[in-house]
Amino acid sequence: MKLNSEARAIYKSIREEIKKRIQLKESLTYLDKFEPTNDKNEILRRQAYFKENLPRIVPELKGILVKIKPIRFKKDFLHDRLLVVDESEIEKAQALGVCEVSTEPLEGYDLILSTIGIGIDVELSISEVAPELYIMPLWENRETLKALAQIANLLGEKSVAESILKTLGELEEIMKRRELIENLDELIAKEERRLNEKIAEKLEKFSLTLTGKELLDFLKELREGNYDAIFKHFSEIESEILEEINEAKERLSEKLNFTVELFSRENLYPVEVPPESIEALHRELERELKVELYLKSREILDEIKHLIPKLKEEINKAYELEFLRAVKEFTEGFTFPELIEGGIGFINGRHLFIRNPQLVSYAVGKIPIKFDGINGERVVILTGANSGGKTSLLELISQIVILTHMGFPVNAEKAWVEVLDELFFFKRKRSIYGAGAFETALKSFVRALTSDGRKLILIDEFEAITEPGAAVKIIAELLKIAYEKGFYVIIVSHLGEDLKKELPFARVDGIEAQGLDENLNLIVDRQPKFGVLGKSTPELIVEKLYRTKRGKEKKIFERVWRAFT
């Protein structure tokens, strides 16, 4: 469906309203699939899609869908891994792009894998060489997996995410150990502090009490260099310190699942672990963990590999559900229009971008129900009070027509829309006044009339950019052409009475001001009266100014107002 710039601006505003409600950026692509179309069958297909799926969207989904994150299985290059292959397999192995490839073992790699001896026909795959590239993204996105399982449960469906989560539980212990290794420096420093505090407490409590004779014997042994005899007095405290060191060693070894030898038994206090010892332990633990993680990942991947394609489908389905959820939120209270031939109309339409708008019913052409004053006219002149809602009504009509051609429900209680090829909306702008404005507007209007097809043309006060006398002649001729071509036209004009004389086939509708409220604001019934010329009632504006001004201005406005009465 073709839209001119103003009509496309309304379409973009509708898109933005839906986009504001979409929580996941991956869901935005679904909106691109619903550009306005003039294919009736496609519109009906889209309506059927929404009718089937929108009722499935429950409020609880909003808080769950926001947790969905993309799970990307990247073929990252693994610098710590060497794959040893036969010469005939080099090209195939390099094509995997996930590790170094060689025909012989090389030093410096934490993990060396080999296909030699298995046979040159072995089927190399990323899942065998680097299963972590699948398993780690799944592990890191467990919240997404949990959310997918919750969504399936809400919708009464089954999810492979639940099975994958259960199998990933086998990684729990390895990942806990991985976290400990990542925080090894802090873990050892904490144990070091604990150990020194314990030893300091024991030293403070230790005291050596000797009788006079024992003191003489002690000094004698000291002079003779008999240190064994001397140190027997300290053996008890030394034994207690060594016991603390052993306990610390056992605690660390148990936590890391690795025998740790870090604490010196020679320099008992203060206990200080050399940084190079910590670094060596860190390398050894990482090397062991990588092997264990590789083996466990390969084992898990063998169990769940067949579920991954289905998981990708579930994630994409979640993105689609988020799009549908946003559409349902946006179209709450809307209804699906009926596609008809011969007219466009609606009951209780609600403007999308006006807060607490008055509901309006309107029609052009023939629709299945009868409004008083409407006889199936395709050309309508909309007249009436300034600020009465005429431009807003044109916007409302555009919104309903565009939503219909998107396949969406529309903002009305009931609606009937003919499938159109083009929608033209000529909206009056302040910037349009000035040299060349009339010529530009006239060219645009004529372009809308040149081609054939099913068209709705909406025009907002064309006469504002030229002289009233000329405007009547120009507009009348252009509307005659539109009528002859079978187009639908609604034009806002203050020249309704003059145009009606020139265009007997056109209907004139009116929006009228009914007075001033207690705050001296215009009281306007924004529902047009069909077949009735709307008066702009300028006397009400004059009355408002007379009642609000002071001094000399008030006297002048009073005199003008009295002229009406």
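When a residue number appears, it is its place in the shown sequence, counting from 1.
Proximity of a side-chain donor or acceptor of Lys310 to a complementary backbone N or O of Val160 within less than 3.5 Å is not detected. In this structure, the side chain of Glu377 does not engage the main chain of Ala506 through any donor-acceptor pair within 3.5 Å. Side chain of Lys485 to backbone of Leu449: a donor-acceptor contact under 3.5 angstrom is found. The backbone N or O of Leu165 sits nowhere less than 3.5 Å from a side-chain atom of Arg142 that would complete a donor-acceptor pair. With Arg56 contributing its side chain and Leu321 its backbone, the two residues share no donor-acceptor pair below 3.5 Å. Formation of a donor-acceptor pair under 3.5 Å by the Thr335 side chain with backbone atoms of Lys414 is not found in this model. Looking only at distances, no side-chain donor or acceptor of Tyr134 sits under 3.5 Å from a matching main-chain atom of Phe73. Judged by distance alone, the side chain of Asp421 and the main-chain N or O of Arg454 form a donor-acceptor pair under 3.5 Å. Side-chain atoms of Glu292 do not come within 3.5 Å of backbone N or O of Ile174 as any donor-acceptor pair. Listed for the Lys328 side chain is a donor-acceptor partner under 3.5 Å among the backbone atoms of Leu54.
Across Pro357 and Ile354, no two heavy atoms sit closer than the pair CD-O, 3.1 Å. Listed here is the closest heavy atom pair of Asn141 and Pro70: OD1-O, 3.9 Å. Residues Ser398 and Leu458 come closest through the heavy atom pair OG-CD1, 3.1 Å. Among all heavy-atom pairs drawn from Ile402 and Ala7, the shortest one is CD1-O, 3.4 Å. Across Ala147 and Ile64, no two heavy atoms sit closer than the pair O-CG2, 3.5 Å. Nearest heavy-atom pair across Gly496 and Ile381 is CA-CG2, 4.0 Å.
Looking at heavy atoms from C-beta onward, Ser163 lies out of side-chain contact with Ile304 at the 4.5 angstrom threshold. You'll find the side chain of Val419 reaches within 4.5 Å of the side chain of His405, heavy atoms only. Between Ser159 and Gln150 there is no side-chain heavy-atom pair separated by less than 4.5 Å. Residues Tyr362 and Leu396 form no side-chain contact, since every pair of their non-hydrogen atoms from C-beta on lies 4.5 Å or further apart. Gln527 places a side-chain heavy atom less than 4.5 Å from the side chain of Ser361. No side-chain heavy atom of Ile491 sits less than 4.5 Å from a side-chain heavy atom of Ile457. The closest side-chain heavy-atom distance from Arg46 to Glu42 is below 4.5 Å. The closest side-chain heavy-atom distance from Val66 to Lys62 is not below 4.5 Å.
For Asn183, the side-chain hydrogen bond (donor to acceptor under 3.5 Å, both in side chains) criterion is met by no residue, not counting sequence neighbours. Partners of Phe334 under the ring-ring contact (aromatic ring centres under 6.0 Å, His included) rule, at least two apart in sequence or in another chain, are Phe330. Under the rule for a side-chain contact (heavy atoms from CB on, under 4.5 Å), the partners of Lys549 that lie at least two apart in sequence or sit in another chain are Leu545, Glu553, Lys554, Phe557. Scored by the ring-ring contact (aromatic ring centres under 6.0 Å, His included) test, Phe426 finds Phe445 as partners (sequence neighbours excluded). Contacts of Phe408 classified as ring-ring contact (aromatic ring centres under 6.0 Å, His included), with partners at least two apart in sequence or in another chain: Phe34, Phe50.
Within a 6.0 Å radius of NZ in Lys529, other residues, nucleotides and ligands contribute 12 heavy atoms or fewer. Within 6.0 Å of atom CD in Glu182, more than 12 heavy atoms from other residues, nucleotides or ligands are found, so the atom counts as buried in its surroundings. More than 12 non-hydrogen atoms from other residues, nucleotides or ligands lie less than 6.0 angstrom from NZ of Lys370. Counting heavy atoms of neighbouring residues, nucleotides and ligands inside a 6.0 Å radius, atom NZ of Lys2 does not exceed 12 of them. Within 6.0 Å of NZ in Lys500 there are more than 12 heavy atoms belonging to other residues, nucleotides or ligands. For Asp32, the CG atom counts as densely surrounded, since its 6.0 Å shell holds more than 12 non-hydrogen atoms of other residues, nucleotides or ligands. Within 6.0 Å of the NZ atom in Lys366, the count of heavy atoms belonging to other residues, nucleotides or ligands does not exceed 12. Atom CD of Glu26 sits in a crowded spot, with more than 12 heavy atoms from other residues, nucleotides or ligands closer than 6.0 Å.
For the pair Arg325 and Tyr30, the cation does not sit on the ring face, since its NZ or CZ is not both under 6.0 Å from the ring centre and inside 45° of the axis.
Looking at Gln358 and Asp525, their side chains do bring a donor and an acceptor atom within 3.5 Å of each other. In this model, a donor atom of one side chain and an acceptor atom of the other lie less than 3.5 Å apart for Ser451 and Glu422. Tyr294 and Arg298 form a side-chain donor-acceptor contact under 3.5 Å, judged by distance and modelled atom types alone.
Between the CD1 atom of Ile18 and the CG atom of Leu31 there is a distance of 5.0 Å, given to the nearest 0.5 Å. Taking CD1 from Ile164 and CD1 from Ile71, the interatomic distance works out to 7.5 Å, rounded to the nearest 0.5 Å. Taken from CD1 in Ile22 to CZ in Phe323, the straight-line distance is 6.5 Å, to the nearest 0.5 Å. Atom CE of Met1 is separated from atom CG of Leu420 by 5.0 Å, given to the nearest 0.5 angstrom. Summarising the geometry, atom CZ belonging to Phe425 is positioned 5.0 Å from atom CG belonging to Leu394; distances are rounded to the nearest 0.5 Å. To the nearest 0.5 Å, atoms CD1 (Ile511) and OG (Ser392) are separated by 8.5 Å.
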Audit row: Glu320, Lys317, salt bridge (charged side-chain N to carboxylate O under 4.0 Å, His left out) steps and yes/no:
CA-CA 5 Å; Glu320 184 181 8; Lys317 185 67 176 176; 3.6 Å; yes

Run the side-chain contact (heavy atoms from CB on, under 4.5 Å) test on Lys390 and His494 for me, step by step, so that the C-alpha distance in whole Å, both residues' side-chain angles and the decisive distance to 0.1 Å come before the verdict.
CA-CA 11 Å; Lys390 300 187 296 296; His494 290 291; 4.2 Å; yes

Verdict with supporting geometry, Ile459 and Leu478, side-chain contact (heavy atoms from CB on, under 4.5 Å)
CA-CA 12 Å; Ile459 308 164; Leu478 293 175; over 6 Å; no

Determine, step by step, whether Arg507 and Asn375 satisfy the side-chain contact (heavy atoms from CB on, under 4.5 Å) criterion, reporting the C-alpha distance in whole Å, the side-chain angles of both residues, the deciding distance to 0.1 Å, and the verdict.
CA-CA 8 Å; Arg507 185 179 83 234; Asn375 294 301; over 6 Å; no

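Each of Lys19, Arg21, Arg15 was scored for a side chain to side chain donor-acceptor pair (under 3.5 Å) with Glu17, with one residue passing: Arg21.
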For a quick test of your reading: what N or O donor-acceptor pairs under 3.5 Å do the side chains of residues 344-353 make, sequence neighbours left out?
unit_1	atom_1	unit_2	atom_2	d
Asn348	ND2	Glu413	OE1	2.7
His351	ND1	Phe353	N	3.0
His351	NE2	Glu395	OE1	2.8
His351	NE2	Gln399	NE2	3.4

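Ion pair Lys176/Glu179 not flagged as a salt bridge, since none of the NZ, NE, NH1 or NH2 atoms sits closer than 4.0 Å to an Asp/Glu carboxylate oxygen.
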